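Following: one structure in structure tokens, then a few remarks.
Hydrogens, waters and symmetry mates are skipped; everything else that's a heavy atom, side chains included, is used. The structure presented is a predicted model; accordingly, all values stated were derived computationally and were not measured.
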Amino acid sequence: MIHRLRLASGLVLFVFVLFHSVNHSLGLISLEAMEAGRHIFLWVWRGWAGTTVLLVAMVTHICLALTTIYRRRSLRLPPWHWAQMLLGLFIPPLLAIHVFGTRLSHEFFTTQDSYAYVLLVLWKLSPMDGIQQAVVLMVAWAHACFGLHFWLRIRPWYRRHIAWLYGLALLVPAAALAGFVAGGQAVARLAEDPAWLQGLAAAANPPDAAQVRTLYDAHNLALAVMAVLLLVPFVARGVRRLNERRRGLIRVRYPSGRSVQVAPGPTLLDISRQFAIPHASVCGGRGRCSTCRVRVDDGQDNLSPPDSHEQAVLQRVFAPPGVRLACQARPRGDVAIAPLLPPTASPADAAPGSAARHGVERDVTVLFADLREFTRFSENRLPYDVVFVLNRYFRSMGEAIENAGGIVDKFIGDGIMALFGVTGDPALGARQAAAAACAMGAALATLNQDLADDLSQPLRMGIGLHHGPVIVGELGYGETISLTAIGDTVNTASRLESMTKSYGCELILSEDVSRAGGLDLTGHDTAEAEVRGRTRPLTVHLVGRAASLDL
């Protein structure tokens, strides 16, 4: 609920800042355009409904910010988090003088704070206040953009459109500042006419000297209250720490063998930060991204139970039992944990996946394909020609595999490994693999026709298919992590592909594939093959041309 309230109140304040910035940018057109835009702005935000929403959002956001400072058990935060927090804390004191000089002066002293009046004050009478308002505009916009970025960064659509969103994030404040300067220059020129100044003073009804002193006294009081409010969470943190230490310490153990002792209360992520132990957290510990998740090796019962929000995030990433979000789980006794993602985890690691990504045993069909004598082909070719032909081949084979319902696991030199039935019915996966092999044979024939002028002889390949149990999971390191399979079934499929050379055929599929998929292979030769690594011969079916496979 705290996260949702902070997000909702932040979005209201963002919309307010956006409205104000767009209104400023109208100064690039004319002072009259700024005044026209101001009427719309006031209609939205100075009515009773807009004022109520804005005040509630502002108070809520400030209170939640102070609450967050208190709730954080460690102030060892990523640099971006510190930047967002400090920018937010600077906004109220920087903005206070503007609020007192416009809205409150209007409410209590009936001042008509038109753009001409405010720009005259900021541009001619108090230029330092004008600079301060330009700064607060950029600070508020940067704070809002930080919040939006770290809220949306785990969404795939955001990563696809981040370039033009980043451009908009730069364009809005730039246009607002340019409009502010253009409007100020226009007012400065008009102010050279005494009659214009007299008319503006009559229309604006500016506060007199006593009223100005009252506004400044109220402003100074407000700054003092802000300072006290900012101190409250830090004082409360100290009191809490003293109380917690009286209750004794608990121990948290990490895979590296390191263990730390801490008073009960902080989350596992806070404990890692407190002791400078690297721990992934793309969203900054807000329970959104799941990248801080840990496997609990011991002391599961000593953790606070997961709430509905944490359970929903864990279900989204198909986390297995015994996995918790470090930013939500609070140890009440000794625990042993193992972070599941490296500290360098990116937003892509927060994307929803499948249950297989964490490691499961499945019956799948594995396909291996390899070009014949491609080394000889490449010896007398320019590198450009080799890469061109290989990419055409990989594209044709990859499309055949994916159109049949398979997953291209990897390209190995001029070879291909693909998986079928990873997330679905194993029987369907076996049929899809056979269909993919047939489509690959047809695609190779088409490719040979298209490249007839570039090839001295047609490309030839061998394909091996085998069905059986494998361990499926996301393996690798850094950006090379991908879903793959390991086990004897994979090795056997690779051996079958190699055996197409000795049997003089394009496709060999095991009886296990035929039986799992219910395939009718009448008309194709059968053999008992001795497969290296297996104690018994394997019944296989030999298909001279993969494209001739009748499904």
Result block: side-chain N/O donor-acceptor pairs under 3.5 angstrom for residues 172-182, not counting sequence neighbours:
none

Tell me which donor-acceptor pairs under 3.5 Å the side chains of residues 163-171 have, and how far apart each pair is, sequence neighbours excluded?
{"from": "W164", "atom 1": "NE1", "to": "H161", "atom 2": "O", "distance (Å)": "3.4"}
{"from": "W164", "atom 1": "NE1", "to": "H161", "atom 2": "ND1", "distance (Å)": "3.4"}

Please tabulate, one pair per line, all N/O donor-acceptor pairs under 3.5 Å involving side-chain atoms of residues 210-226, not counting sequence neighbours.
{"from": "Q211", "atom 1": "OE1", "to": "D208", "atom 2": "N", "distance (Å)": "2.9"}
{"from": "T214", "atom 1": "OG1", "to": "A210", "atom 2": "O", "distance (Å)": "3.0"}
{"from": "N220", "atom 1": "ND2", "to": "Y216", "atom 2": "O", "distance (Å)": "3.2"}

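In this view, R324 and E310 satisfy the salt bridge (charged side-chain N to carboxylate O under 4.0 Å, His left out) rule, not counting sequence neighbours. For the side-chain hydrogen bond (donor to acceptor under 3.5 Å, both in side chains) test, no residue two or more places apart in sequence or in another chain qualifies with N23. Residues satisfying the salt bridge (charged side-chain N to carboxylate O under 4.0 Å, His left out) criterion with R6, sequence neighbours excluded, are absent altogether. With sequence neighbours left out, H106 forms a side-chain hydrogen bond (donor to acceptor under 3.5 Å, both in side chains) with no residue at all. Applying the side chain to side chain contact (heavy atoms under 4.5 Å, CB included) criterion to L31, with sequence neighbours excluded, gives M34, Y115, A116, L119, V187, L190. Shown here are the side-chain hydrogen bond (donor to acceptor under 3.5 Å, both in side chains) partners of N302, two or more places apart in sequence or in another chain: there are none. The side chain to side chain contact (heavy atoms under 4.5 Å, CB included) check on A83 picks up F146, with sequence neighbours excluded.
Sequence neighbours left out, the pairs with a member in residues 63-96 that pass ring pair (Phe, Tyr, Trp, His ring centres under 6.0 Å) are W80-F150. Applying the side-chain hydrogen bond (donor to acceptor under 3.5 Å, both in side chains) test to pairs two or more places apart or on separate chains, those with a residue in residues 182-205 are T110-N205.
Judged by distance alone, the side chains of T68 and R71 never bring a donor and an acceptor atom under 3.5 Å apart.
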